Amino acid sequence: MALQEERYNFRETEAKWQNTWAEQACFKTEANSAKPKYYVLEMFPYPSGRLHMGHVRNYTLGDVVARYKKAKGFNVLHPMGWDAFGLPAENAALERGVHPGAWTRQNIDVMRDQFKPLGLSLDWSREIASCDPEYYKHEQKMFLDLVKAGLAYRKESWVNWDPVEHTVLANEQVIDGKGWRSGADVEQRKLNQWFLKITHYADDLLTGIDTLDRWPDKVRLMQRNWIGRSEGARIFWPLVDANGTDRAEPLEVYTTRPDTLFGASFCAISAHHPLAAELAQNDTGLADFVAECSRAGTSTAAVETAEKKGYDTGLKARHPFKPDWLVPVYVANFVLMDYGTGAIFGCPAHDQRDIDFARKYDLPVRCVVAPADEDPDVFSKNIESNNEAFTGDGVAINSEFLNGLRVDEAKRAAIEKLEGLGNGKGTVQFRLRDWGVSRQRYWGCPIPMIHCESCGPVAVPDTDLPVTLPEDVTFDKPGNPLARHPTWRNVKCPSCGKDGLRETDTFDTFFESSWYFARFCSPHLDERAFDKDEAMKWLPVDQYIGGVEHAILHLLYSRFFMRALSDCGYIDLKEPFDGMFTQGMVCHETYRTNDGAWVEPGDVRRDGENALRVSDNAPVNVGRSEKMSKSKKNTVDPHRIIETYGADAARLFMLSDSPPERDLEWTESGIEGAWRFLNRLWRLATEALNIPDGPVPDKSDTAVLTVERQIHRAIATVGDDIEKFRFNSAVARIRELTNAIATLDRKLDGADAVYRFGVLSVAQLINPLMPHLAEEIWQSLGQTTILAKAPWPTFNPALLEENTFTLAVQVNGKLRGTITMATDADKSACEIAALALPAVQKQLAGQAPRKVIVVPKKIVNIVAA
RNA sequence: GCGGGUAUGGCGGAACUGGUAGACGCGCCAGACUCAAAAUCUGGUUCCUUCUGGGAGUGGGGGUUCGAUUCCCUCUACCCGCACCA
């Protein structure tokens, strides 16, 4: 038996149990089970080629939950798959000449092999890869159903164009004016694109957030802000030409401040506004200005330093309340086309951008709101002569029928008036925009559409699905290989039979991840995306785990998809993820030489206070701990760690060092400490080998009974800690328990039986955390069941009750001593015992206490005079 | 600019609903075993101190309370998200 070895042989043991679990199909989800269901899911990985520490942390956290819930009697679904479409595959093709598909499938094989030694309780029979036609064909059908339902549409629009990746990006993928992967400055281009109508569900997605009480507040807040609901009004401003004639179409403007209408001094439209395009046809100055606006960057620096600029169109707008009051109409660089109506009215006194603009073009500034407790004349003079807008709350002034109303009242009154006049309407506006899903890339799901000159875009008939990617493509130049394929595009129009052209764009990869959790419920179903009954049985996911970087993108798209698919009859569910947990990053110290070169952790030697590069003894500067990344060379390879210390040690360190939601700093001493604890447990178990199996006696020595009580308390608290994701605390409790068991005096009455019971209990408690060692100890002590299939241990509530407690005694809030008291001691007994303490008498110095506070079973506080 | 979060020993972190601050671990110190080292075991480890005792202490300042890491106000530092959203 392996336990005879001096040190724990993780190599043999871990492989042995992984094989046993696989042979006995321990983690296969039960098909027909009376047990309650529990769906544990970690965000499925992109097959980049190798596992990194972030993966190990993510899947370890999920595995603890899955194993624990299984032991608690749930029928657990814990599947794994691959988010297999994406740009790195094409980049690899470009750099190395391999086919993206071959590269991806090879990576999947490598990573699957790397996953297995971690000992995760996954049901591999449900494995899926999103790049398989068996997967994405359903997605094509889904898209066509969305089109039919009016939830997907094609439109020409200004889009974010990544000049490095030669593709369009969603708003969610533009970070700080740059492409989220390439980091290149994003340009604005006008293209025909497919959009999913996520805005249709804006309100529902917003109110649904309130029901997600097992999500982190941070994520809920981020989604709320992203959806960005605001209340305001749409207002029509009749337009007058430069020569004084009224135009047929008024200008529609959106505002959240209709209460400031009497402070208006101009209107402004976006450079992309249709009116701007129309006017530019006869105004080269304006045409130049519009072109200049399209070129401008949208990065932080560009936006912050960009001067407010405008171009006077010569048009005038009539004030909605006073038709004789005309204000100039500008095209302005700071007005966004895709928010509201692409047009605004400017009220300089109460909007900082407007006052900047007004000062530059010498437009009037008129204060129409003042704080209730200030003199309106003094206040408005001050505002009107300075360059700072007042955006606070107050009371309307200089505003005719609105005068004297508070801002909120004035908003309502102004909207009421506008609606009465028929030139405005109270509306709700969202920041959220429709999701553009077209990507000009090869390695994605083809959009199943055919373009016909006479019929327009026509859906690929169901019988012709899936539209698969052609294998014979070239990556010798940038751009989309599908668009330059010699034959793939050419196809007859399904509607009229004339020559048509295939859509060459593919879906954004977030399309695949928006429904994969439903596919896992019936992963091999051929005729449909998923079985509705199975999906309704398993969904929502009870516990979803992933990085906070998907707080908006993936989590919002998935919530939208469930709503859209419900409306298309696929399912009947709004929220796909009942519980969400966002784990912290895995970090490591960073090292640089004096000339700034990054140094790998393995190439650094610590010499007291100093650090040196091993290869040449060059001094190394130790930097702060940062997220592991290849560019900073501060990564640690999980494979090497598992080879050296085993999966259980890696899992233990991941779980014990920091709470899971916080960043974890990887250290060599930390993993060594974990390894030491494994060996400690192992020795603890070895000591129990020669204790015969037998019941714990009813009566044993007090010291033995204390340990027995500790075992029961640990069972109670560890389970509770795991439920609450406090894995670091759970490990601390287990360590405390092993310390108690290890120091138990075996000569005492009943000690042996309690020792053995303790070791078996520890094996059960560490099972979700260190499953291989747990099985090994369990089996070594003669247990014939497999721990992976065994129920969670139970505790005796009677043994949680102590018959004594420690009473803390304070004088004026300062601790002066502690007394051991019987649990049933009453208040006066506690008070008498506390006052009898010499330390208390010394503090009182003969004076009677002014007051004594007794908190049962906790504390006595004596207030001295 | 707007919104949110965090702050506890040398380090990671505990402390349930206001009730013994520093559990558990890392590191360090001393001792045992050893020719020696590793491993292991035992003890110590918030700081100051005139040390059988006393004092201070949870980022700074203030408040509520018999009692505050915990509640309130305020300031500071750092981190995260959004960003010309009218």
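Just so you know, these numbers use all the heavy atoms, side chains as well, and skip hydrogens, waters and symmetry mates. Worth saying up front: this structure is predicted, and the values here are computed from it rather than measured. Each chain gets a letter, A, B and so on, in the order the sequences are listed, and its residues count up from 1.
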Touch check for A:Arg816, heavy atoms < 4.0 angstrom, all strands: base, sugar-phosphate only, or nothing?
sugar-phosphate
Hey, does A:Thr818 reach any base, or is it just sugar-phosphate, or nothing, if we go heavy atoms under 4.0 Å?
base
For A:Leu336, report the nucleic acid contact type (base, sugar-phosphate, nothing); a contact means any heavy atom under 4.0 Å.
base
Hey, which sits more toward the 5' end of RNA chain B by its nearest nucleotide, A:Gln843 or A:Val731?
A:Val731
Distance-only donor-acceptor test, A:Lys218 side-chain atoms vs B:C80 base atoms, 3.5 Å:
no
Considering only the C1' atoms, how many Å lie between B:G61 and B:C26, rounded to the nearest integer?
34 Å
A:Asn739 near the nucleic acid: base, sugar-phosphate alone, or nothing, with a heavy-atom cut-off under 4.0 Å?
sugar-phosphate
Pair assignment for B:C82, Watson-Crick or G-U wobble, requiring both distances under 3.5 Å:
B:G1
Contact class for A:Val335 vs. all strands (heavy atom < 4.0 Å): base, sugar-phosphate, or nothing?
base
Write down the distance separating the C1' atoms in B:U50 and B:A30, rounded off to the nearest Å.
26 Å
Any salt bridge between A:Lys411 and A:Glu231, counting N to O under 4.0 Å?
no
Complement of B:A7, any strand, by Watson-Crick or G-U distances under 3.5 angstrom
B:U76
Just by distance, with hydrogens left out, do A:Asp721 and A:Ser729 show a side-chain donor and acceptor under 3.5 Å apart?
no
If you measure from the P atom in B:U58 to the same atom in B:G9, how many Å do you get, rounded?
10 Å
Touch check for A:Thr806, heavy atoms < 4.0 angstrom, all strands: base, sugar-phosphate only, or nothing?
base
Between A:Gly670 and A:Arg680, the residue closer to the 5' end of RNA chain B by nearest nucleotide is A:Gly670
Between A:Tyr254 and B:C85, is there a side-chain N or O to OP1/OP2 distance below 4.0 Å?
no
Does one side chain, of A:Gln583 or A:Arg662, offer a donor that lies under 3.5 Å from an acceptor on the other?
no
What contact category does A:Glu736 fall into here, base, sugar-phosphate, or nothing, at under 4.0 angstrom with non-hydrogen atoms?
sugar-phosphate
Please classify the glycosidic conformation of B:G9 as syn (within 90° of 0) or anti (everything else).
syn
Touch class at under 4.0 angstrom, heavy-atom based, for A:Lys857 against every strand present:
nothing
Please state the C1' separation for the pair B:U69 and B:U6 - nearest whole angstrom.
14 Å
Describe the nucleic acid contact of A:Asn861 in one word from base, sugar-phosphate, nothing, applying a heavy-atom distance below 4.0 Å.
base
Can you tell which of B:A86, B:G12, B:G27 lies closest to the side chain of A:Arg676?
B:G27
Taking atom P in both B:A39 and B:G4, what distance in whole Å separates the two?
50 Å
With no hydrogens and no angle check, just 3.5 Å: does a side-chain donor-acceptor pair link A:Asn739 and A:Arg680?
yes
Provide the distance between the two P atoms, one in B:A23 and one in B:C16, to the nearest whole Å.
15 Å
Remember a base hit wins even if backbone is also touched, and classify A:Arg735 as base, sugar-phosphate or nothing at under 4.0 Å, heavy atoms.
sugar-phosphate
Distance, C1' atom - from B:U74 to B:G67, rounded to whole angstrom:
23 Å
By nearest atom, which of the nucleotides B:A23, B:G13, B:C82 is closest to the A:Ser658 side chain?
B:G13
Would you say the side chain of A:Arg353 and the base of B:A86 hold a donor-acceptor pair, judged only by whether the two atoms sit under 3.5 Å apart?
yes
Taking the same atom, C1', in B:C79 and in B:A68, what whole-Å distance lies between them?
26 Å
Nearest-0.5 Å distance that lies between atom CZ in A:Arg559 and atom CD1 in A:Ile209:
5.0 Å
Would you state whether a donor and an acceptor, one from the side chain of A:Arg433 and one from the base of B:C85, lie under 3.5 Å apart?
yes
